[in-house]
Trainee: 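Pasting a structure here, questions to come.
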Amino acid sequence: MIFEHNFIMGHLNYWLFIMLMMTGLFIVISRGNLIKKIVGLNIFQTSVFMFYISIGKVAGGTAPIFPMDMNINPSILYSNPLPHVLILTAIVVGIATTALGLALIVRIREAYGTIEDEEISLIEADEQKLETQSQLA
Amino acid sequence: MVALLALRMSHLFAVVMLAGVFSLLSALLLVLMDAVDVAFTEAAVGAGVSTVLMLSTMALTSRVQKPIKKSNLGAALAVSFAGLLLLYGTLDMPNFGSNNSPAQTHLSNLYLTNSPNEIGVPNVVTAILASYRGFDTLGETAVVFTAGVGVILLLSGLRRRKQKSDSKVG
């Protein structure tokens, strides 16, 4: 059943979006630069959005907008509007979190002089060492 | 695809531009999947606003990523494991575009048949967003407001502190 042409073509979209998602996750985990982590997070987010929208697509359907005079032709198929609404909300929330993350990055750069993950932890380790030394002395 | 390029590049300016291109391409895909409202929001917000935000952050910080030293084997393993789990999850999902999947049979028909009489707005997405799910949108505005206040609090005084440290040095 898995190897039928119909099944593969029907699920290819999900698989592509999952690959995109995993690319974004990999960027977030493996790259030390904080701006790049945010870019990865954005890629992850966008692929989840596309995944949702692809669930709501109806074959042969059209965008869920009625004609202006509201004469609705019952034979026209519309795609599912609910995922669109959810994702609209999610996009706006996503940009809000992105903005907050970038502002945090600016502050981190101000405090540490770098936006690399590893350098920040090195600086913190140094500071801790200094603190324990001063406590001993 | 573009996302893979963004993974490889170390020049941050190029990465941010590629992120914009990625958003724009995804907006095209969204149009193909009948989500026009979402597509133009994505094009405006994802390709427009977030690119501007990232560019301004880059202007305030640095432009080049340092090369990474530690190996990424653990990350790659974790990511591919999660990916495989998700792939396994899709095996039960309905085919793309199928008309009688659970997502299509319950709420959406209710919205599509009732909203012309109950709301009277041609765009069903608008009708749901502003009316049926109005509280959701209210919550969203609350989130955006909180984030805006947070950004202002984090960045206010940036210039003031910079001037103070300059005067200390000089």
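Keep in mind it's a predicted model, so treat the numbers as computed, not measured. Reminder, nothing fancy here: chain letters follow the sequence lines and each chain counts from 1.
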Trainee: Looking at B/F22 and A/M50, what are the two nearest heavy atoms and their distance?
Mentor: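 Closest approach of B/F22 to A/M50: CZ-CE, 4.5 Å.
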Trainee: Most heavy-atom pairs under 4.5 angstrom with chain B, which of A/I38, A/I87, A/L25, A/V92?
Mentor: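 With the most close heavy-atom pairs to chain B, the winner is A/V92.
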Trainee: Find the one option among A/G24, A/S54, A/A99 whose heavy-atom pairs under 4.5 Å with chain B are most numerous.
Mentor: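 If we count pairs closer than 4.5 Å to chain B, A/S54 comes out on top.
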Trainee: Can you tell me which portion of A/I108 sits under 4.5 Å from chain B's heavy atoms? Options are side chain, backbone, both or neither.
Mentor: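 For A/I108, there is no contact with chain B at all, as no heavy atom is under 4.5 Å.
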Trainee: By a 4.5 Å heavy-atom criterion (distance strictly below it), what part of B/S50 contacts chain A: side chain, backbone, both, or neither?
Mentor: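 Interface part for B/S50: both.
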Trainee: What option among B/V36, B/T90, B/L32 has the most heavy-atom pairs under 4.5 Å with chain A?
Mentor: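 So the answer, after comparing B/V36, B/T90, B/L32, is B/T90.
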Trainee: If I measure from the heavy atoms of chain A, does B/L29 come under 4.5 Å with its side chain, its backbone, both, or neither?
Mentor: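 Looking at B/L29, just its side chain touches chain A.
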Trainee: Quick check on A/F17 against chain B: is it the side chain, the backbone, both or neither that has a heavy atom closer than 4.5 Å?
Mentor: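 Looking at A/F17, just its side chain touches chain B.
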Trainee: What's the spacing between A/R109 CZ and B/T57 OG1 if we round to 0.5 Å?
Mentor: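 Spacing of CZ (A/R109) from OG1 (B/T57) equals 12.0 Å.
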Trainee: Heavy-atom cut-off 4.5 Å, strictly under: side chain, backbone, both or neither for B/A39 against chain A?
Mentor: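 Looking at B/A39, nothing touches chain A.
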Trainee: Taking atom OG of B/S26 and atom CE of B/M33, what is their separation to the nearest 0.5 Å?
Mentor: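 Separation between the atoms: 9.0 Å.
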Trainee: Answer whether the closest heavy-atom distance between the side chains of A/T89 and B/L129 falls below 4.5 Å.
Mentor: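 Yes. Closest side-chain heavy atoms under 4.5 Å.
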Trainee: Parallel, tilted or perpendicular for A/Y14 and A/H11, by the 30°/60° rule?
Mentor: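 Perpendicular, since the angle between the ring planes exceeds 60°.
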Trainee: Look at A/I105, A/L82, A/L102 and state which one has the largest set of heavy-atom pairs under 4.5 Å with chain B.
Mentor: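 The residue among A/I105, A/L82, A/L102 with the greatest pair count is A/L102.
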Trainee: What option among B/V49, B/D34, B/L86, B/L87 has the most heavy-atom pairs under 4.5 Å with chain A?
Mentor: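 Option with the top pair count is B/D34.
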Trainee: Flag the pair A/I53 / B/V38 as yes when at least one side-chain heavy-atom distance between them is below 4.5 Å, and no otherwise.
Mentor: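 They are in side-chain contact.
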Trainee: Quick check: closest heavy atoms across A/V39 and B/M54, and the distance to 0.1 Å?
Mentor: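 Between these two residues, the closest heavy atoms are CG2-SD, 3.6 Å.
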Trainee: Let me know if A/F44 has heavy atoms under 4.5 Å from chain B in its side chain, its backbone, both or neither.
Mentor: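 For A/F44, there is no contact with chain B at all, as no heavy atom is under 4.5 Å.
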Trainee: Is chain B contacted by the side chain of A/L100, its backbone, both, or neither, given a heavy-atom distance below 4.5 Å?
Mentor: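 Backbone plus side chain of A/L100, per the 4.5 Å heavy-atom cut-off to chain B.
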Trainee: Please flag which part of A/M19 lies under 4.5 Å from any non-hydrogen atom of chain B: side chain, backbone, both or neither.
Mentor: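 Looking at A/M19, nothing touches chain B.
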Trainee: I want to check something: taking the side chain as every heavy atom from C-beta on, are A/I55 and A/P83 in contact at a cut-off of under 4.5 Å?
Mentor: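 Sidechains of A/P83 and A/I55: no contact.
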Trainee: Are the side chains of A/V58 and A/Y78 in contact, using a 4.5 Å heavy-atom criterion?
Mentor: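 In short, these two side chains do not touch, never coming nearer than 4.5 Å.
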